[in-house]
Novice: 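Quick one: this structure, given as structure tokens, is what I'll be asking you about.
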Amino acid sequence: MSHIVIIGAGQAGAALAAKLRALEFTGAITMIGEEPVAPYQRPPLSKKYLLGEMPLDRLYLRPPEFYAENGIDLRLSETAVSIDRADRQVIAGGQAIAYDQLALTTGAVPRRLPGAIGGELAGVHVVRTLADVDGMAPEFAPGRRVLVLGGGYVGLEAAAVAAQRGMQVTLLQHSERVLRRIACPETSAYFADLHRAHGVDLRENTQIAALRGADRVEQADLTDGTTMPVDMVIVGIGVTPATALAQAAGLTVDDGIAVDAMGRTSDPVIWAAGDCTSFPFRGARVRLESVQNAIDQAEAVAANMLGADTPYDPTPWFWSDQYDVKLQIAGLNTGYDRVVVRPGERAGSLSHWYYAGDTLLSVDAMNDPRAYMVAKRMIEAGRSPDPARVADPATDLKALMSA
């Protein structure tokens, strides 16, 4: 009987295992996860879960009993320490697990501050796992002083939760604007203004020099020469793909575990999907950190492991919740040279449409789900509306679809 082993029990691993069963794969499936809990959603950790608006049981991607009921041997609190490609074995939990095909869905790991500048002090947190958020949640109390490092989505979402909890929030962005790597200046300005309107002390072009304290963080020294007292620090300075296991096994790594359009690595019986993976897309190699990619790529890999031989060609989408604003993103803005701003139909709604020449690449929609859906469908269909018509608030969105 064929045996598929999946290393990594997050969104991609769970999606891959479930898809294998949905495609009527009857062989053995073993999924190895380092955490002690069944696969769960990560995005709500820094939003509704941290706010106390989502209980643990709603975080689970599927009921914990799903795995046993579907013949998936879910091994929790186990770490895969090596891959023996010659004998097709994974060493995990002190034993060798033979495989016929192997899938790597190892995800990503958060970047941390060096211990030399206080990164290992108590009260310094990252946001990635359930344990990370459970560990910091008791520290979210009105009046406490929190320093957030990083103006990406994780940092902004954590800052929003802290501000909503009545904390004194300072956010440091090392460059000239938040979301610089992933959004246009217009979107950056929108969210910077939003946070400042909620009392966040947002400081651009400012970095941490050192954190200080006896055993627990008490003070932050900044690169502009100022110091500030702090009660806790949240480090949201990005993630790196978890490639160590693949690299040690001799697989090709290129900003992630390199796979082809089918999701196959440089070893023909080893596959990869999700945050740990880089893949060919629109003539380049990309790595996407998103729920959409974790699910869709994993399901594509599952089908290809069973012989579908179908290239993975996604339309990426993302989202972020901050205060009362839902940001929805469709497409990838890489290579844009123009941004069209479109006011929404409701007060406070807005969308930013990214173009390369006359080609629509992506959209950022703030509290404007209709603009998001129209743009997403057009990007999927390879259609680009006239930028002048998009900019005109009198143009009906349905008319753009039919043009």
Side-chain angles (χ1 to χ4, degrees), residues 1-34 39 61 67 70-75 79-92 97-108 241-281 285-314:
M1 180 181 292
S2 180
H3 186 193
I4 292 177
V5 174
I6 303 168
I7 300 177
Q11 186 95 54
L16 200 155
K19 188 65 173 181
L20 287 171
R21 288 299 184 229
L23 294 173
E24 300 183 351
F25 173 68
T26 57
I29 301 175
T30 299
M31 183 159 55
I32 302 167
E34 293 185 347
L61 294 167
Y67 304 95
N70 286 273
I72 299 167
D73 180 12
L74 177 58
R75 304 189 181 191
T79 299
V81 296
S82 65
I83 300 169
D84 182 342
R85 292 169 54 196
D87 291 336
R88 294 189 181 178
Q89 293 182 337
V90 172
I91 308 302
I97 305 168
Y99 64 84
D100 295 292
Q101 296 191 82
L102 174 64
L104 303 177
T105 57
T106 48
T243 60
L245 191 65
Q247 199 155 12
L251 300 177
T252 300
V253 171
D254 181 2
D255 186 33
I257 303 169
V259 299
D260 63 15
M262 310 299 165
R264 185 184 282 110
T265 71
S266 53
D267 184 314
V269 299
I270 302 180
W271 309 72
D275 289 6
C276 65
T277 305
S278 68
F279 62 94
F281 181 75
R285 179 162 290 276
V286 302
R287 184 172 59 83
L288 299 178
E289 299 165 10
S290 73
V291 168
Q292 168 273 320
N293 181 63
I295 295 172
D296 293 351
Q297 189 180 32
E299 291 187 345
V301 165
N304 289 332
M305 292 177 90
L306 302 183
D309 201 34
T310 302
Y312 174 57
D313 184 23

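Only a predicted model underlies this, so the values are computations on that prediction, with no experimental measurement involved.
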Novice: Sequence neighbours left out, what passes side chain to side chain contact (heavy atoms under 4.5 Å, CB included) with Ala261? Give chain and number order.
Specialist: Pro280, Pro311
Novice: List the atom of Leu61, the atom of Gly10, and the distance in Å for their closest heavy-atom pair.
Specialist: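 In terms of heavy atoms, the two residues are closest at CD1-O, 4.1 Å.
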Novice: Return all side-chain donor-acceptor pairs below 3.5 angstrom for residues 241-254, not counting sequence neighbours, or 'none' if the list is empty.
Specialist:
| from | atom 1 | to | atom 2 | distance (Å) |
| --- | --- | --- | --- | --- |
| Thr252 | OG1 | Ser266 | OG | 3.4 |

Novice: Could you measure the distance from the CZ atom of Arg21 to the CD1 atom of Ile72? Nearest 0.5 Å is fine.
Specialist: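 Answer rounded to 0.5 Å: 6.0 Å.
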Novice: According to salt bridge (Lys or Arg N to Asp or Glu O under 4.0 Å), who are the partners of Arg264, at least two apart in sequence or on a separate chain?
Specialist: Asp260
Novice: Could you walk me through whether Asp100 and Val269 pass the side chain to side chain contact (heavy atoms under 4.5 Å, CB included) test, one step at a time?
Specialist: CA-CA 7 Å; Asp100 295 292; Val269 299; over 6 Å; no
Novice: Between Glu34 and Thr79, which heavy-atom pair has the shortest distance, and what is it?
Specialist: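 Smallest heavy-atom distance, with atoms named: OE2-CG2, 3.3 Å.
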Novice: Quick check: closest heavy atoms across Leu16 and Ala103, and the distance to 0.1 Å?
Specialist: CD1-CB, 3.8 Å
Novice: Residues in side chain to side chain contact (heavy atoms under 4.5 Å, CB included) with Ala92, at least two apart?
Specialist: Ile32, Glu78, Ala80, Val90, Ile97
Novice: Which pairs with one or both residues in residues 79-88 pass salt bridge (charged side-chain N to carboxylate O under 4.0 Å, His left out), sequence neighbours excluded?
Specialist: Arg85-Asp267
Novice: Looking only at non-hydrogen atoms, find the nearest pair between Ala273 and Val301 and report the distance.
Specialist: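 For Ala273 versus Val301, the nearest heavy atoms are CB-CG2, 4.2 Å.
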Novice: Return the CZ to OG1 distance between Arg285 and Thr277, rounded to the nearest 0.5 Å.
Specialist: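 One finds 10.0 Å between CZ of Arg285 and OG1 of Thr277.
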Novice: If we only count heavy atoms from C-beta on, is the Tyr99 to Thr30 side-chain gap below 4.5 Å?
Specialist: no
Novice: Identify the heavy atoms of Gln297 and Val259 that sit nearest to each other, and give their distance.
Specialist: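 Shortest heavy-atom separation between Gln297 and Val259 comes out as NE2-CG2, 4.1 Å.
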Novice: Can you list the residues that meet the side-chain hydrogen bond (donor to acceptor under 3.5 Å, both in side chains) rule with Ser290, with sequence neighbours excluded?
Specialist: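 With neighbours one apart ignored, the set is empty.
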Novice: Taking side-chain hydrogen bond (donor to acceptor under 3.5 Å, both in side chains) as the definition, give me every residue that meets it alongside Thr265, ordered by chain and number, with sequence neighbours left out.
Specialist: none
Novice: Check whether any side-chain heavy atom of Phe279 lies under 4.5 Å from a side-chain heavy atom of Val286, and answer yes or no.
Specialist: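 When only atoms from C-beta onward are counted, Val286 and Phe279 do touch, with a gap below 4.5 Å.
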Novice: Quick one: side-chain hydrogen bond (donor to acceptor under 3.5 Å, both in side chains) partners of Gln101, sequence neighbours excluded?
Specialist: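 For Gln101, the residues satisfying side-chain hydrogen bond (donor to acceptor under 3.5 Å, both in side chains) (neighbours in sequence not counted) are Trp271.
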Novice: Contact between Ile257 and Ile270 at the side-chain level, heavy atoms closer than 4.5 Å - yes or no?
Specialist: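 No, their side chains stay 4.5 Å or more apart.
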Novice: Are side-chain heavy atoms of Gln11 and Val291 found at a separation under 4.5 Å?
Specialist: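 Touching, per the 4.5 Å side-chain cut-off.
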Novice: With sequence neighbours left out, what residues match Ala12 under side chain to side chain contact (heavy atoms under 4.5 Å, CB included)?
Specialist: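 Checked Ala12 against side chain to side chain contact (heavy atoms under 4.5 Å, CB included); matches are Thr105, Ala294, Ala298.
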Novice: Could you list all the salt bridge (charged side-chain N to carboxylate O under 4.0 Å, His left out) pairs where at least one residue sits in residues 289-301, not counting sequence neighbours?
Specialist: Arg287-Glu289
Novice: Residues two or more places apart in sequence or in another chain: which of them pass side chain to side chain contact (heavy atoms under 4.5 Å, CB included) with Leu306?
Specialist: Leu20, Leu23, Phe25
Novice: Please, which pairs that meet side-chain hydrogen bond (donor to acceptor under 3.5 Å, both in side chains) have at least one residue in residues 303-313, sequence neighbours excluded?
Specialist: Arg282-Asp313, Gln292-Tyr312, Asn293-Tyr312
Novice: Please report the shortest heavy-atom distance between Met31 and Pro39, naming the atom on each side.
Specialist: CE-CG, 4.1 Å
